[in-house]
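Input: a single structure, listed below in C-alpha cells.
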Amino acid sequence: MSGRKRIQVDESEWYRLQRNAQKLKEVQRNLPRLIDDVRKQTRADLDRTFGRVEERQRRHEEVVRGLSEQTRQLEADTSRRLREQARELHRTLDETAGRIQEDTRRRLAAHQEAVRREIAAERAERRAETARLSAEIDVMKEGRVRAEETVRTWLSDSRAMAGLIERSLPHERYAPGELGRLTGRLSTAEQNLAHGQFEAALAVVQETYHSLSELRLDIEQRELERSWAQTAAVEALVRIGKLIEGNRERPVLGPDGRPLPGYTLDVTYWSAGELDELGRETERALARARDDGTDTAELQALRERAPELEGTLGETVERAGMRQLASQIRVNLADAVAQTLSDYAFYDLVDGEYQDADPRGAYYAKLRHDNGNEIVLDISQAVQDDGECVIRVHSYDHDVTAEADLAARARAIGEGLAAEGHQVSEPVSEKGDPDPLLRDIERHRTRQQPRPGTA
C-alpha cells in the first residue's frame, strides 16, 4: 500500500492561450521620459567624445601654424575640412540624440565618405604640384645654401608632422608600425643631406612628408568614425538599460489584455535574478562602449547587440509573467482538489503555504477529516517554465486504508480536475511512505519573504 499518489496535470494549452492573450513578451517601450533620459545621457557622452576631438584638432592647428609656408596652406585647408566634418557630425548626432535611426547612420556614412573623397582629391592635386616644382631642382644647384635650406625646411615640417601623430593620434591602433617606418625614411633623408646629396634628400623627404600628412588624415578620419560608432553604441545600450529599469514592474493583464486593478508583476522577483543579470550584462557592454580603447568593429558589434538584449528582456518579462501565473495555478489546483476531496471524502482544507513562503516554489495544502486523518497536497511544476504540474497526494491515515481506497481517492481527484477542463494523467503510486515533516505547513512561514501580488 502506498500513501503517495502522483497525478500529472497538463496546462500547456492554457499556457499558450495566456501567453497570446496577455502579450507578456512585449517590452514596455513607451515609458515616460524614456527618450528624454536616453538623450540626456547620450548627449553627455557625445559632448565628452567630441570635446576630445575638438581639443585634438586645436593642438593640430597650433602645429600647423608653425609649419613652413610651403606646407602650411595645405595642412590648414585639411584641418579646416576636418573641423567642419567633425562639427557637422557632432551637430547631427546631437539633434538625433536618443533616437538615432538607420537612415541617420546611412546619411552620416555617406557624408563621411564624400568628405573623405574630396579631401583626398585636393591632397592629390597638391602632391602633384609639389612633384612638378621638384622637377626644377636643377635651379637650386646655382645655390648650395638655398638647396640645403629647402631640404631642411621639408625635414622640419616632416618632423613636426611625425611628432603631432606620435603625441596626439592612436597611430598604432590604425596603422601599426607605419610611423616608425616613415620616421626611418626621414633619417635616410638626413643622412643624404649630411653627404650633400640634396636632390636625393629632397625627393625622400617630400615623399615622406606627404605620406605622414596622409597618415594623419587617415587616422583622423578613422578616429572620427570610431567616435561616431561609440556614440551609436552608447545610445543603443543606454536605451536598453532604461528599458530594463522601466520593465522591472509591469501591470498584470487579464485575458482581455487589460490591466487588472491592484495587481502588478514584479519582474525582478519572478525572474529569480535573470533581469538583474541582464542588467549587469548590459552595463558591462555599456562600459566597453564607453571605453576609448574599444575599436570601431567592436563598437559596431556592441550596437548590433542591442536588439538581442531587448529580445532577451522580452523573454525574461514573459517568463516572469508565466511564473506568476503558474504560481496562481498551483493555488487554484489545490482549491480544486480540496473541493473534490470535500465532496468525495469529507476532507476540509485547514492550511496552505508555498515552500519557504516563496510563491515561486511548490505549494502545500493540508486537509483534515473529522476522524483525524490528514492529506497533504504537494503541487509543483514538472519542469520549470513548463506547462505541466505534478500533484502529489500524501495520505496520513490513522486507521488502515486499503490500497484500493487510496487509488480510488486519487482517481476521484483526477476526475474532478478533468471535469474542470484540466488534462490529467492516471494516478501513479510512488514508493515509500509520506514524509511526516510535510504535515508541518507552519514551518514554511518561519522564513517569511515579501510576496508580490498574484492574480
Side-chain angles (χ1 to χ4, degrees), residues 1-11 14 323-382 388-455:
M1 181 179 72
S2 172
R4 300 173 61 192
K5 305 295 182 185
R6 184 181 72 248
I7 302 172
Q8 302 283 126
V9 183
D10 187 358
E11 297 284 351
W14 185 90
R323 287 170 184 172
Q324 186 187 48
L325 290 168
S327 175
Q328 188 62 50
I329 288 176
R330 294 193 283 279
V331 177
N332 294 346
L333 287 174
D335 289 341
V337 173
Q339 185 60 52
T340 297
L341 289 173
S342 176
D343 296 340
Y344 176 79
F346 307 107
Y347 276 82
D348 294 323
L349 180 64
V350 296
D351 203 356
E353 183 56 88
Y354 290 98
Q355 182 174 348
D356 297 330
D358 186 341
R360 296 169 295 188
Y363 186 78
Y364 297 97
K366 184 163 72 172
L367 299 91
R368 183 178 296 133
H369 195 278
D370 287 342
N371 64 10
N373 290 345
E374 292 184 341
I375 294 175
V376 173
L377 305 175
D378 170 358
I379 306 174
S380 60
Q381 283 188 289
E388 191 170 67
C389 286
V390 177
I391 301 176
R392 289 182 169 84
V393 183
H394 304 273
S395 297
Y396 303 88
D397 296 333
H398 294 290
D399 52 357
V400 178
T401 305
E403 174 63 25
D405 293 335
L406 293 174
R409 180 188 297 170
R411 282 196 299 272
I413 291 173
E415 290 168 1
L417 292 172
E420 292 193 5
H422 301 286
Q423 298 181 35
V424 298
S425 69
E426 286 295 318
V428 176
S429 296
E430 294 187 327
K431 295 180 180 180
D433 295 326
D435 184 353
L437 288 177
L438 293 178
R439 301 172 69 180
D440 182 13
I441 303 296
E442 186 63 31
R443 68 192 175 95
H444 293 294
R445 299 190 180 98
T446 59
R447 289 185 289 175
Q448 183 73 33
Q449 299 179 22
R451 294 173 54 176
T454 55

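- To the nearest 0.5 Å, atoms CG (L333) and CD1 (I413) are separated by 11.5 Å.
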Check against side-chain contact (heavy atoms from CB on, under 4.5 Å), H369 and Y347: CA-CA 5 Å; H369 195 278; Y347 276 82; 3.8 Å; yes
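- For Q8, the side chain to side chain contact (heavy atoms under 4.5 Å, CB included) test picks out R6, A382, E388, V390, S425, with sequence neighbours left out.
- In this structure, R445 pairs ionically with D351, as a charged nitrogen and a carboxylate oxygen lie closer than 4.0 Å.
- A donor-acceptor pair under 3.5 Å is formed between the side chain of Y354 and the backbone N or O of S327.
- Annotation for G414 and V424: closest pair O-CG2, 3.4 Å, computed over non-hydrogen atoms.
- Under a 3.5 Å cut-off, the side chain of K366 and the backbone N or O of V350 do not form any donor-acceptor pair.
- Under the side chain to side chain contact (heavy atoms under 4.5 Å, CB included) criterion, A408 pairs with Y344, R411, sequence neighbours left out.
- The heavy-atom pair separating T340 from G416 by the smallest distance is OG1-CA, 3.8 Å.
- Q355 contributes atom CD, which lies 13.5 Å from atom OH of Y363 (distance to the nearest 0.5 angstrom).
- Looking at every heavy atom in both residues, R439 comes nearest to V376 through CA-CG2, 4.0 Å.
- Evaluation of the salt bridge (charged side-chain N to carboxylate O under 4.0 Å, His left out) test over residues 334-349, restricted to residues two or more places apart or in two chains, returns none.
- Once rounded to the nearest 0.5 Å, the distance linking CG of N371 with CG of D397 reads 7.5 Å.
- L341 contributes atom CG, which lies 6.5 Å from atom CG of L377 (distance to the nearest 0.5 angstrom).
- What you find for C389 and I329 is that their closest heavy atoms are SG-CG2, 4.3 Å.
- Atom-to-atom distance recorded for L438:CG and I375:CD1 is 13.5 Å, nearest 0.5 angstrom.
- When side chains are defined from C-beta on, L417 counts as touching I391, because their heavy atoms get closer than 4.5 Å.
- A distance-only check finds no donor-acceptor pair linking the side chain of H394 to the backbone of D435 [under 3.5 Å].
- Residues L349 and A365 come closest through the heavy atom pair CD1-CB, 3.9 Å.
- Atom CZ of R330 sits about 10.5 Å away from atom CG of D378, to the nearest 0.5 Å.
- Here the closest non-hydrogen pair linking S380 and A362 is CB-CB, 3.8 Å.
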